[in-house]
Amino acid sequence: MKKKNDLTQGAMTLTIISFVVKVLSAIYRIPLQNSVGDKGFYIYQQIYPIYGVAQIMALTSLPVFLASVIVEQEDDEQKISVIKSAYLLFSILGVFGFLSLYVGADFIAQGMGDELLQPIIRSVSWFFLLIPSLVILRGVSQANFDLRPTAWSQLMEQLARVSIILIVATSITGDLYHIIGVLMNSSWLAALVALGVLLVFYLDRVDLRNIVNLRRVKPKWQNKTTRQSSSSPNEREHNKWHTIGSLVKRFYHEGSVYLLLAAFLVLLQLVDAFTVYKGLLDNGMSATSAKVVKGYYDRGQPIVQAGVVFATSITTAYMPLLRKWFVERDTDRFNEISLSLLKVCGIFSTFITVGIIIVMPALNQFLFKDRSGTTELRWFALLMLPYGILIACQAIQQGKKQFRPAMLALSVGLLLKLATNRVLTARYGILGSSIGTTLVVSVVAISVLIPVLKTLAKPLKLRNLLWFGVIIVAMSLGSLAIPYVFNVLGIGESRFIAASVLLLQAIIGASIGLVLLAKTRWLSQFEWELIPFGSKIYQLF
């Protein structure tokens with residue numbers, strides 16, 4: 001019972017901290033852009049996706065994969081063998097990633113169309129050398145149902161990285177490439193902080209003779225592993241390579257799925273890093289103008305990242321229920337929860353997407369000092385709706401241990417983005433990039449949604465859709481009335497005025513949407529309680 005309570009508390013801690021980290025990850029880019037400008041933001045966003053993929057490997061995908069393999073082992077000897085093999089495998093991956101970036105920095109920079117990025121790419125490469133230790137420590141703790149080391153190391157890593165970035169961006173002057181190169185060292189410095197936090201947990205709770213068991217080891221532990229000592233050296237060598245081979249095979253089939261599912265948005269940014277700037281040059285822009293315009297486009301990243309946090313948090317709340325009913329083979333309950341998740345994610349993703357599109361002029365000026373690229377950012381923000389649906393569908397399929405359909409759809413989406421992005425950018429500028437990205441995410445979401453709906457086999461009611469349309473229109477008209485009133489009164493467009501307009505639009509639009517949604521009674525009390533602050537909204541209305 002104690003272990004179950006520890007797991008529940010750890011899961012709650014991890015959920016809350018993950019939410020905070022996602023918000024921090026979106027918010028810090030705003031003062032960063034304000035400090036270094038759109039050209040500096042372009043430089044940062046060219047390199048960030050490389051770090052983003054590595055960070056997802058070290059934080060979520062690989063530790064989850066390793067934990068799932070460890071818990072399937074029958075005894076401590078097999079667990080230790082898996083851990084040793086995993087450390088060797090991840091060390092090879094880490095060294096390969098480091099050498100690819102450090103030695104190939106010039107080639108990668110040329111691929112991005114900007115050779116000045118070379119030293120910044122090298123500064124990020126050091127992070128890959130820390131991935132094996134981070135993955136092993138997080139994966140082993142998760143396998144022992146202790147999620148706190150992962151949660152707290154994640155928080156301290158993000159706080160350290162954000163602090164370094166903001167201090168460097170606001171205190172150092174001079175060449176923007178040099179400034180971004182210095183602050184990108186935050187990637188491996190923050191990883192060292194995370195590693196220190198993980199080691200504190202382990203030194204406090206682990207007998208170093210047995211890394212598998214997080215509890216204090218009893219003297220009889222060595223008697224449980226006599227089977228290994230009785231094996232011949234040849235047998236142990238054979239078992240080691242057999243374990244490594246099995247792990248590599250499983251990593252190819254499962255670990256890559258975890259990585260792709262977790263890193264989809266970051267991988268889209270990586271494709272942008274190689275195609276958008278070069279597409280703008282093909283469009284006829286000068287190098288300086290193209291960098292600034294790419295900076296306008298990159299403003300959409302923190303906005304979208306903040307917008308999808310809500311859908312992610314809802315999905316996280318539903319995941320234990322999906323796993324519970326799947327394990328208990330209660331198909332009716334599983335389908336009921338799945339439909340509920342799709343409904344809630346669909347409703348609130350629509351609310352957030354429409355709301356951000358409406359307030360984008362004021363939001364853009366308030367966050368980034370001016371309204372450059374507002375139209376393109378509106379198209380880019382539109383992807384939050386299909387992405388919210390995609391997250392819900394992925395959760396449903398993961399609840400049933402079905403990874404391949406989503407992986408296939410995501411892979412096709414990445415290939416489609418890679419094939420079309422530069423062409424669209426060359427012809428239509430960053431508007432082409434924005435529309436192309438939204439279309440790619442929409443195609444992926446629809447391709448995943450269709451098979452999910454077929455298994456649930458419950459059609460949507462036309463009457464509900466019509467009422468939902470009425471709610472969206474009412475919410476939109478209420479929000480659009482605010483800037484109209486300000487224009488009629490002849491009030492200017494300063495940053496302070498933009499903040500005032502934004503606040504009023506958000507309050508009025510959200511109030512209208514939530515009141516009408518509550519009055520329609522589409523969501524049950526159970527569904528409201530799974531939404532962040534939903535129980536308070538339910539009690540209020």
Side-chain angles (χ1 to χ4, degrees), residues 39-58 61-62 89-132 175-189 191 252 256 259-260 263-283 285-295 297-298 301 411 413-426 430 433 436-437:
K39 181 180 178 181
F41 199 48
Y42 144 80
I43 299 169
Y44 177 80
Q45 281 295 137
Q46 288 293 97
I47 308 301
Y48 172 80
I50 299 174
Y51 162 75
V53 173
Q55 207 260 352
I56 289 171
M57 291 172 62
S61 59
L62 296 187
L89 173 61
F90 297 146
S91 294
I92 293 173
L93 288 175
V95 171
F96 176 77
F98 167 74
L99 292 176
S100 298
L101 292 175
Y102 196 88
V103 178
D106 185 55
F107 177 77
I108 296 172
Q110 289 180 8
M112 293 181 176
D114 190 350
E115 295 183 359
L116 296 176
L117 296 172
Q118 178 183 339
I120 311 177
I121 295 171
R122 286 199 171 118
S123 68
V124 178
S125 66
W126 298 99
F127 179 86
F128 282 80
L129 296 178
L130 298 171
I131 288 179
D175 179 66
L176 286 174
Y177 285 88
H178 172 69
I179 295 173
I180 303 300
V182 173
L183 67 82
M184 285 306 294
N185 285 312
S186 64
S187 61
W188 60 270
L189 290 172
Y252 173 76
S256 57
L259 178 59
L260 186 57
F264 182 59
L265 277 184
V266 178
L267 290 171
L268 290 178
Q269 293 180 48
L270 188 61
V271 174
D272 283 334
F274 282 95
T275 56
V276 172
Y277 174 67
K278 295 169 78 171
L280 292 173
L281 294 178
D282 295 341
N283 188 254
M285 291 187 184
S286 65
T288 301
S289 297
K291 291 173 184 178
V292 173
V293 172
K294 172 64 162 55
Y297 174 76
D298 288 330
Q301 300 297 342
S411 299
L414 286 174
L415 291 175
L416 181 62
K417 167 86 171 173
L418 188 61
T420 60
N421 207 48
R422 183 171 177 177
V423 175
L424 289 171
T425 307
I430 56 171
S433 307
T437 303

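All values reported here derive from a predicted model rather than from experimental measurement.
Listed by chain and residue number, nothing satisfies the ring pair (Phe, Tyr, Trp, His ring centres under 6.0 Å) test with F128 (two or more places apart in sequence, or in another chain). With sequence neighbours excluded, no residue forms a side-chain hydrogen bond (donor to acceptor under 3.5 Å, both in side chains) with S187. Residues that satisfy the side-chain hydrogen bond (donor to acceptor under 3.5 Å, both in side chains) test with Y297, not counting sequence neighbours, are D272, T437. Residues passing the salt bridge (charged side-chain N to carboxylate O under 4.0 Å, His left out) test with D282 are R422, sequence neighbours excluded. Every residue two or more places apart in sequence or in another chain that forms a side chain to side chain contact (heavy atoms under 4.5 Å, CB included) with T288 is listed here: S286.
The two residues A191 and L130 come nearest to each other via the heavy atoms CB-CD1, 3.6 Å. Across S91 and P132, no two heavy atoms sit closer than the pair CA-CG, 3.5 Å. In terms of heavy-atom proximity, G40 sits nearest to L176 at N-CD1, 3.8 Å. Across every non-hydrogen atom of A58 and I131, the tightest pair is CB-CG1, 4.2 Å. The nearest pair of heavy atoms linking V271 to T275 is O-OG1, 2.7 Å.
Note: Q46 CD to K291 NZ = 9.5 Å, rounded to the nearest 0.5 Å. With rounding to the nearest 0.5 Å, the separation of CG in L414 from CZ in F264 is 5.0 Å. Annotation: the span from I179 atom CD1 to Y177 atom OH amounts to 12.5 Å, rounded to 0.5 Å. In this structure, the separation between CD1 on I121 and CE on M112 is 5.0 Å, given to the nearest 0.5 Å. Considering CD1 of I43 and CE of M184, their distance stands at 11.5 Å, rounded to 0.5 Å. For the atom pair CG of L116 and CG of D175, the computed distance is 7.5 Å after rounding to the nearest 0.5 Å.
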Name each donor-acceptor pair under 3.5 Å that joins a side chain in residues 95-110 to protein atoms two or more places apart or in another chain, with its distance.
| residue | atom | partner | partner atom | Å |
| --- | --- | --- | --- | --- |
| S100 | OG | F96 | O | 2.7 |
| D106 | OD2 | Q110 | NE2 | 3.1 |

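Under the 4.5 Å side-chain criterion, counting only non-hydrogen atoms from C-beta, V53 is in contact with L267. Taking 4.5 Å as the limit, every side-chain heavy atom of L270 sits out of range of all side-chain heavy atoms of V266. Residues T425 and N283 are not in side-chain contact: their nearest non-hydrogen atoms beyond the backbone lie 4.5 Å or more apart.
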Evaluation steps, side chain to side chain donor-acceptor pair (under 3.5 Å), between Y42 and D114: CA-CA 11 Å; Y42 144 80; D114 190 350; 2.8 Å; yes
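The backbone N or O of G111 lies less than 3.5 Å from a partner atom in the side chain of K278, making a donor-acceptor pair.
Q301 and Q45 share no donor-acceptor pair across their side chains, judged by distance under 3.5 Å alone.
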